[in-house]
Amino acid sequence: MTVSTSTPASTAGSRVAEGLRAYLLIAGMWIRAGMTYRTSFVVTVIGNLLLSGMDFVGILLMFSQVDSLGGWTLPEVAFLYGLSATAFGITDLLLGSSEVLGARIRDGSFDTLLVRPVPVLAQVAADQFPLRRFGRVIQGSLVLGWALFAVDVDWTVPKALLVPVMLVSGALIFGAIFVAGAAFQFLAQDAAQVQNAFTYGGTTMLQYPPTLFGKDLVRGVTFVLPLAFVNWLPASYVLGRPYPLDLPTWVTYMSPLAAGVCCGLAGVVWRAGLRSYRSTGS
Amino acid sequence: MTDALTEGFIELDRVEKVFDVRKKTGFLRRERHQVRAVDSISFTVARGEMVGYIGPNGAGKSTTIKMLTGILTPSGGRLRVAGIDPSRERTRLAHRIGVVFGQRTTLWWDLPLIDSYKLMHRMYRIPDARYRENLDRLVELLDLGALLDVPVRQLSLGQRMRGDIAAALLHDPEVLYLDEPTIGLDVISKARVREFLRELNTERSTTVLLTTHDLSDIEQLCSRVMVIDHGRMMYDGPLTGLHEIGDGERTLVVDLERELPPIEVDAARVVKIDGPRQWLAFPASASAAPLVARIAAEYPLVDLSVREPDIEAVISRMYAEKATS
C-alpha cells in the first residue's frame with residue numbers, strides 16, 4: 001500500500017496541470033510539423049474559413065428576402081451567429097480530435113495511450129492537432145466583430161463583459177459535450193455521429209433566434225442540456241429581446257456556472273467511461 | 001519495497017480476468033456468459049530475468065500483459081510490478097516500464113521518428129543528458145540513424161519495430177514487456193532484434209517479459225519459459241524441460257533430385273512423401289547434423305530444412321501427458 005499525502009483536491013489539480021502540459025507538448029509538436037508546409041497551412045485555413053462561412057452566407061440570403069427572422073434583425077442574428085460559431089470553433093480546434101476515440105478503441109491503438117505517463121484525455125484531444133480548424137474561429141470572430149458594431153445596443157459595462165464571458169462559457173459547454181461524447185464512445189465505438197448531432201447540431205441551432213423554435217425545445221436546451229447559456233440567454237439580455245421563457249434576469253449571468261457544472265459532469269462521465277474500458281478491454 | 005528489489009519484481013498471485021460477453025440471441029434478447037481469459041495465474045519474475053510467455057492465440061498472453069501495464073484491471077487476485085498496483089497507479093508505473101506491442105506502434109504515425117522521441121523526452125521528463133546518451137546508444141545499436149527523419153508510416157515493419165523498441169527504452173525502464181516483438185519480421189530483422197534484447201538484458205539487467213508464439217524467440221533468448229493455455233498456467237520452468245515434455249519429434253524436410261523410395265536411416269523415419277520431397281521425423285533431443293550427413297552421403301540431396309515442434313504440438317502433448325499421468 002502506498003501512502004498518499006496529498007488531498008484529493010490537490011491531486012485533481014495536479015492531474016489537470018499534468019494534462020494541460022501534455023496537451024501543449026503534443027499539440028505543439030503537431031503545430032510545428034504542420035508549419036513545415038506553410039503554404040499548404042495557409043491554404044487549408046482559408047479553405048476552412050470559406051467553408052464554415054457558407055452557413056452565414058445562407059443567413060445573408062434569407063435576409064435578402066425578409067427584414068427579420070423570428071423578430072430579430074440581421075445584426076442581431078449575426079451577433080448570435082458570431083458568439084456560437086466562435087465559441088464552437090475554439091472547442092472544435094482544441095478538442096475536435098476526440099471524435100476519433102471510437103476508431104482508436106476499435107483498432108486497438110487506444111491501448112498505447114494508456115501505457116504513457118500522462119492523462120489519456122489530453123493525448124486523445126491533442127492528437128493530430130487540427131490547426132486548419134483555426135479558420136472557423138477566424139470566420140466566427142469576423143462575423144461577431146461586425147455584429148458588435150452593427151447591433152443597436154446601449155453598451156454598459158455588464159453587457160460588454162458578457163461578451164467574453166459568453167465566449168469562454170460557451171467554449172466550455174461545448175467542450176463538456178465533446179468530452180461526454182468521447183466517453184460515450186467507450187460504450188458504443190461508432191457513436192461519433194451521436195456526438196456530432198449535439199456539437200455541430202447545437203452550434204447550428206444557436207445561430208438562429210430562440211423565438212424560431214418550439215417552447216419544449218427551448219426548455220430542453222435551457223434546463224437539460226444547457227446550450228442556451230452559450231448565447232441565447234445572455235445575448236437576449238444584451239440585445240433587450242424577450243427570451244421565450246419567462247426567467248429572472250440573474251439567470252443571464254449564470255453561464256459560467258452552467259459551464260462549470262457541465263465540465264464537472266463531463267469529467268465524471270469520462271472517468272466512468274475509462275473505468276469501464278479498463279475492466280472490459282476492447 | 002525491499003522485497004521488490006530482491007525477489008519478485010513482478011508478482012502475480014491467483015490473478016484472474018473475467019470478461020462479460022453479451023451475445024444477441026434474438027430481438028431484445030441477450031445471452032450473457034463469462035469468459036475466463038486469465039484463470040488464477042500465479043508467478044513471480046525476479047529483477048533482471050528474461051522470461052518467455054508463450055501459448056496459442058487467445059490463450060491469455062496479451063490479457064496478462066495488459067494487466068501488468070495497467071491497461072486492464074484484474075477481476076481478482078493480487079498483482080504487483082515494482083511494488084506498484086498497475087491498475088491503480090497506472091501513470092506512476094508508466095515511468096518504470098517499457099512496452100512494445102508487435103502489432104501496433106506507440107509512435108506517432110504521421111510524424112518523423114525523431115519527433116516521437118523528442119515528445120517521449122518531454123513526456124517522461126527524461127533529463128537532457130540522459131536522453132541524449134540513451135538516444136545515441138539506441139540509434140547506434142538498433143541502426144536507426146538513417147531513419148530518424150522518416151515519417152513512421154513510411155518505415156518497413158522491421159524498421160518500425162526497432163523504432164518502437166528504442167521508444168520504449170528511452171526512459172530507462174526497469175522492465176520491458178514485449179508482445180510478439182518478432183511477428184511478421186524477416187530473418188535478418190528478427191536476428192537483429194534478438195541480439196539487441198540479449199545485450200539489453202545482460203548489460204543493463206533490464207527485466208524482460210516476452211510473449212510470442214514463435215518458439216525460436218524463446219530458444220535464443222530465454223532460460224525460463226511459461227506456457228499458458230485457456231488462461232491457465234501449463235508450465236513454468238527451463239526451456240529444456242519443455243522440450244522433454246513436448247518432446248517431440250523434429251521434422252527434417254528433404255528435397256531429393258528425383259522421386260525415390262523412402263529414405264532408410266537409423267534414428268529417423270519417413271512420415272510423408274510428396275514427389276521428390278520427403279518428411280522424416282527424429283527425436284528432438286538428437287542432433288540433426290549426423291542425420292543430414294548420412295542422408296547426404298547416400299542420397300542425391302538438393303535442399304533441406306529442419307522444423308521445430310510448434311507450440312500447438314507441444315501443448316497438445318502436455319494435455320496428453322496430463323491425461324496419462
Side-chain angles (χ1 to χ4, degrees), chain A residues 1-4 6 11 14-15 17-37 97 100 103-124 126-130 187-188 271 274-282, chain B residues 1 17-22 35 37 62-63 65-75 80 83-101 103-112 115-116 118-125 151 164 167-168 171 173 177 179:
Chain A
M1 272 284 116
T2 49
V3 182
S4 172
S6 48
T11 43
S14 73
R15 280 189 64 80
E18 266 292 297
L20 282 177
R21 176 180 174 273
Y23 185 94
L24 292 175
L25 281 177
I26 300 169
M29 188 186 61
W30 282 104
I31 292 170
R32 253 176 282 122
M35 283 298 186
T36 48
Y37 306 101
S97 294
V100 300
R104 301 204 62 159
I105 291 173
R106 250 179 291 139
D107 72 16
S109 61
F110 184 73
D111 284 349
T112 63
L113 308 184
L114 287 166
V115 299
R116 294 187 190 133
V118 295
V120 181
L121 182 57
Q123 297 184 62
V124 171
D127 193 40
Q128 310 265 344
F129 189 78
L187 300 177
R271 295 196 70 137
L274 187 58
R275 204 175 309 122
S276 81
Y277 176 80
R278 300 215 294 130
S279 58
T280 58
S282 45
Chain B
M1 284 305 273
K17 182 70 199 180
V18 181
F19 292 117
D20 252 345
V21 181
R22 258 169 243 155
V35 175
S62 293
T63 305
I65 295 278
K66 284 181 183 179
M67 287 193 283
L68 288 170
T69 51
I71 293 174
L72 292 180
T73 311
S75 319
R80 290 288 181 278
I84 296 175
D85 180 347
S87 67
R88 295 189 58 176
E89 294 188 86
R90 180 171 47 83
T91 40
R92 189 159 86 93
L93 181 69
H95 285 283
R96 303 180 62 174
I97 62 173
V99 189
V100 177
F101 296 105
Q103 320 245 36
R104 55 188 73 109
T105 183
T106 54
L107 303 164
W108 280 265
W109 196 246
D110 297 303
L111 299 176
D115 281 4
S116 285
K118 284 180 186 161
L119 202 53
M120 299 279 184
H121 171 201
R122 308 284 302 279
M123 208 182 250
Y124 284 84
R125 300 177 196 270
D164 254 311
H171 59 288
Y177 303 117
D179 197 2

**Prompt:** Can you check whether Trp108(B) reaches Gln128(A) side chain to side chain, under 4.5 Å on heavy atoms?
**Reply:**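 Trp108(B) vs Gln128(A): side chains apart.
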**Message:** Could you check whether any side-chain heavy atom of Arg116(A) comes within less than 4.5 Å of a side-chain heavy atom of Leu119(B), counting everything from C-beta outward?
**Reply:**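 No, too far: nothing below the 4.5 Å cut-off.
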Side chain, backbone, both or neither of [X] within contact of chain A (heavy atoms, under 4.5 Å):
| X | answer |
| --- | --- |
| Trp109(B) | neither |
| Asp20(B) | neither |
| Thr105(B) | backbone |

**Item:** Test: Glu18(A) and Arg125(B) ion pair at under 4.0 Å
**Value:**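 Judged by the 4.0 Å cut-off on N to carboxylate O distance, Glu18(A) and Arg125(B) do form a salt bridge.
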**Reported CE-to-CE distance for the pair Met123(B) and Met29(A), which is rounded to 0.5 angstrom** =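 So the CE of Met123(B) and the CE of Met29(A) are separated by 7.5 Å.
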**Message:** Nearest 0.5 angstrom please: Asp111(A) CG to Lys66(B) NZ, how far?
**Reply:**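 Those atoms lie 4.0 Å apart.
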**Message:** Shorter than 4.5 Å, heavy atoms on both sides: which option in Leu113(A), Asp127(A), Val118(A) has the most such pairs with chain B?
**Reply:**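 Top count of heavy-atom pairs under 4.5 Å with chain B: Val118(A).
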**Request:** Sort Asp107(A) into side chain, backbone, both or neither according to what part of it lies under 4.5 angstrom from a heavy atom of chain B.
**Result:**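 Interface part for Asp107(A): backbone (N, CA, C, O).
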**chain B contact via Leu24(A) - side chain, backbone, both or neither, heavy atoms under 4.5 Å** =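 It is neither, since no heavy atom gets under 4.5 Å.
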**Prompt:** At their closest point, which heavy atom of Tyr277(A) faces which heavy atom of Leu72(B), and how far apart are they?
**Reply:**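 Closest pair (atom of Tyr277(A), atom of Leu72(B), distance): O-CD2, 3.9 Å.
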**Message:** To check you understand the geometry: which heavy-atom pair defines the closest contact between Leu111(B) and Ala33(A), and what is its length?
**Reply:**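 In this case the closest contact between Leu111(B) and Ala33(A) is CD2-CB, 3.4 Å.
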**Asked** Where the side chain of Arg122(B) meets the backbone of Arg21(A), is there a donor-acceptor pair that is under 3.5 Å apart?
**Response**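 No, Arg122(B) side chain to Arg21(A) backbone: no donor-acceptor pair under 3.5 Å.
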**Asked** Passes side-chain contact (heavy atoms from CB on, under 4.5 Å), Ile71(B) versus Phe110(A)? Steps please.
**Response** CA-CA 10 Å; Ile71(B) 293 174; Phe110(A) 184 73; over 6 Å; no
